[in-house]
Amino acid sequence: MTDIARLETPKGWPSILLPPAGKGAARGTGTGTGDAARGAGGDASDLDAAMKAGAWEGLRRAIRDLGPTGTIAAIGSSGLRGRGGAGFPAADKWRAAASAPGPRVVVANGYGADPSSRTDQLLLETNPYAVLEGLAIVALAIGAEEAIVAVRATAGSTIRILEAAIAAAWDAGFAGTDALGSGHFLDLRLQTVQGAYLLGEETILLKALEGKRGQPQQRPPHPATNGLRGRPTVVHNVQTLAAIPWIVVNGPAAFATTGVPEAPGTILVEVRGAERSGVAEVPLGTSLREIAGLGGKSGGRALKAVLVGGPSGGILPPELLDTPYTFDALRAAGAHVGSGSVIVADERACIVDLARVLTRFCADEACGKTIPCRIGTRRLSEIGDRLATGTSRAGDLDLMADLASDIVGSALCDHERLATLPLMSGMRYFRTELDEHLERSSCPAGVCHPIAMAASATH
Ligand SMILES: Cc1cc2nc3c(=O)[nH]c(=O)nc-3n(C[C@H](O)[C@H](O)[C@H](O)COP(=O)(O)O)c2cc1C
Ligand code: SF4
């Protein structure tokens, strides 16, 4: 059982942390805990308990009532967007895969690349059947015979729960030669992979699943038409998959009543840096203010910034706290949903220090296959280091903006663009603080200590 803390969130929406209650059952009983469904401290892989709460009803209805075309249409009209970060419409991938020649594959991305976000781990350990059922529904809809859950080889507790849940699903006939009487063969299995941050990126993950070196693949063709071992492959984040059974059972219109029209449903966020750290499930469109507030007030200190999206996230100022947590609004603000990580920085934080640590992480993690990313992120990281150590050169900020615009656009994966976000959002919203570092070698927050040394040595 996971010991990840859960932050209380308002009730009243369809929760992916709970098995999908059927029509007539109380909808949106979600406390965000999942314990209601299986008894506090219960076993998440207990199939009987999960089925009593509605698990696998979605697959049954997809087979009995909707069929492949109807299922794809239902997901399309629900407006479900991928929770893996970019918010790509789920049904578009399904259509592309379904119309490409088979055999086909569906993969649950449970890698959880960002160490500051355990949202996907919590879901897999709390409601594994929602993810497995979502996988089975996608497989049925696109005609895939292989359904793989990919997780880190080191995720011991998650692996134990998934192994038990997958074995129970096979025994109960939800996978196998004639999955739930659909006449469809489904090989549902767990595969572990191990690597660095980049392995969560879908083309790199697919290479790792093939047992090859984790390097990205040129797109197009996209995995939906040319993925695992060249087969049409739908890769979804585990949260995307977990929403699918609920949509099939309760209908796309009911799903669209939660969240906002351009981003319906709920999403998991992990709030850190406040009084309480932990994972919460919130309707998409919830304001950053409300999300950051879930963690409490950070010892009564004033909030200075919110880092949204993980190591390659954007650093947003308090004036943007009313930004709705959606794929498009965050992107427009210079951040992204990314891993679901929301880190609250109080008045003691230095934006330069924060941005340069993140940029260095992104540069270190870049796989190096795309030269502008490999060299560009390194140069950006050096500019961040110069700002923090009082060794900046005149024009460094212009150079930073130039580099960021040069880097973006020639990449094999989105890491190149995302890696520029910490410094660029820092420059966009905290320019005065960057100027202080650049022009006066001074750190207003008193964090960049080497600056004081550099300043006293050189001035
Ligand atoms: C650097 C990088 C790391 C990523 N890490 C993850 C990850 O850990 N988990 C995940 O689901 N998606 C991750 N993604 C996004 C995946 O590439 C892919 O878009 C996603 O799994 C698709 O699922 P969705 O359709 O449900 O959004 C990452 C992307 C990038 C660029
Ligand atoms: S953009 Fe960066 S991380 Fe992505 S493939 Fe190119 S070098 Fe690797």
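Computed over heavy atoms, backbone and side chain alike; hydrogens, waters and symmetry mates excluded. We count ligands from 1, going down the list as the structure has it; atoms in each ligand are counted the same way.
- When only non-hydrogen protein atoms are considered, atom 18 (C) of ligand 1 lies nearest to Glu202 OE1, 3.7 Å.
- Both tests hold for Arg152 against Tyr111: distance to the six-membered ring centre under 6.0 Å, angle to the ring axis within 45°.
- Closest to atom 8 (O) of ligand 1 among all protein heavy atoms lies Ala113 N, 2.8 Å.
- A donor-acceptor pair under 3.5 Å is absent between the side-chain atoms of Glu133 and the main chain of Pro245, judged by distance alone.
- Between Arg81 and Glu262 there is no salt bridge, since no side-chain N of the basic residue sits under 4.0 Å from a carboxylate O of the acidic one.
- When all heavy atoms are compared, the tightest approach of Arg219 to Leu412 is NH2-O, 2.8 Å.
- Of all protein heavy atoms, the one lying nearest to atom 23 (O) of ligand 1 is Asn237 N, 3.0 Å.
- Of the protein's non-hydrogen atoms, the one nearest atom 27 (O) of ligand 1 is Gly84 N, 2.8 Å.
- Between Tyr129 and Phe174, the gap from one ring centroid to the other reaches at least 6.0 Å.
- Of all atoms in ligand 2, numbered sequentially from 1 with element shown, those under 4.0 Å from a heavy atom of Leu412 are 5 (S).
- Within 6.0 Å of CZ in Arg272 there are more than 12 heavy atoms belonging to other residues, nucleotides or ligands.
- Panel note: side chain Thr240, backbone His236; no donor-acceptor pair is recorded below 3.5 Å.
- Numbered from 1 in the order shown, with element, the atoms of ligand 2 that lie under 4.0 Å from a heavy atom of Glu416 read 1 (S).
- Residue Cys367 has at least one heavy-atom neighbour below 4.0 Å for each of these atoms of ligand 2: 3 (S), 5 (S), 7 (S), 8 (Fe).
- Side chains of Gln239 and Asp120: a donor-acceptor N/O pair is present below 3.5 angstrom, by distance only.
- Numbered from 1 in the order shown, with element, the atoms of ligand 2 that lie under 4.0 Å from a heavy atom of Gly368 read 7 (S), 8 (Fe).
- Between Thr119 and Leu268, the shortest heavy-atom contact is O-CD1, 3.4 Å.
- Below 3.5 Å of separation, one finds no N or O of His415 facing any N or O of ligand 1.
- In terms of heavy atoms, Pro128 sits closest to Leu162 at CB-CD2, 4.1 Å.
- Counting only N and O atoms by type, the side chains of Thr203 and Glu201 include a donor and acceptor under 3.5 Å apart.
- With atom 5 (N) of ligand 1 as the reference point, the heavy atom nearest to it among Gly200, Ser339, Ala196, Gly85 is part of Gly200.
- At a heavy-atom cutoff of 4.0 Å, ligand 2 is contacted by the side chain of Leu198 but not by its backbone.
- Residue contact check: Lys93 has heavy atoms under 4.0 Å from atoms 22 (C), 23 (O), 24 (P), 25 (O) of ligand 1.
- Using a 4.0 Å heavy-atom cutoff, Gly112 is listed among the residues neighbouring ligand 1.
- Contact annotation: for Gln239 versus ligand 1, there are no heavy atoms closer than 4.0 Å.
- Side chain to side chain, Glu270 and Ser117 fail the donor-acceptor criterion of an N or O pair below 3.5 Å.
- Only the side chain of Pro216 comes within 4.0 Å of ligand 2, counting heavy atoms alone; its backbone N, CA, C and O stay farther away.
- The closest non-hydrogen atom to atom 10 (C) of ligand 1, taken over Val107, Asn109, Leu205, comes from Asn109.
- For ligand 1, none of its N or O atoms has an N or O atom of Tyr111 under 3.5 Å away.
- Short contacts between ligand 1 and Thr240, defined as distances under 4.0 Å to a heavy atom of the residue, involve ligand atoms 24 (P), 26 (O).
- When only non-hydrogen protein atoms are considered, atom 7 (S) of ligand 2 lies nearest to Thr370 N, 3.1 Å.
- Among the atoms of Cys413, no N, O or S atom falls under 2.8 Å of atom 8 (Fe) of ligand 2.
- In summary, the atoms of ligand 2 found under 4.0 Å from a heavy atom of Cys373, numbered by their order in the structure, are 1 (S), 2 (Fe), 7 (S).
- At the shortest separation from atom 2 (C) of ligand 1 among protein heavy atoms lies Glu201 CB, 4.0 Å.
- For the pair Ile315/Tyr429, no side-chain contact is recorded, criterion being any heavy-atom separation below 4.5 Å from C-beta on.
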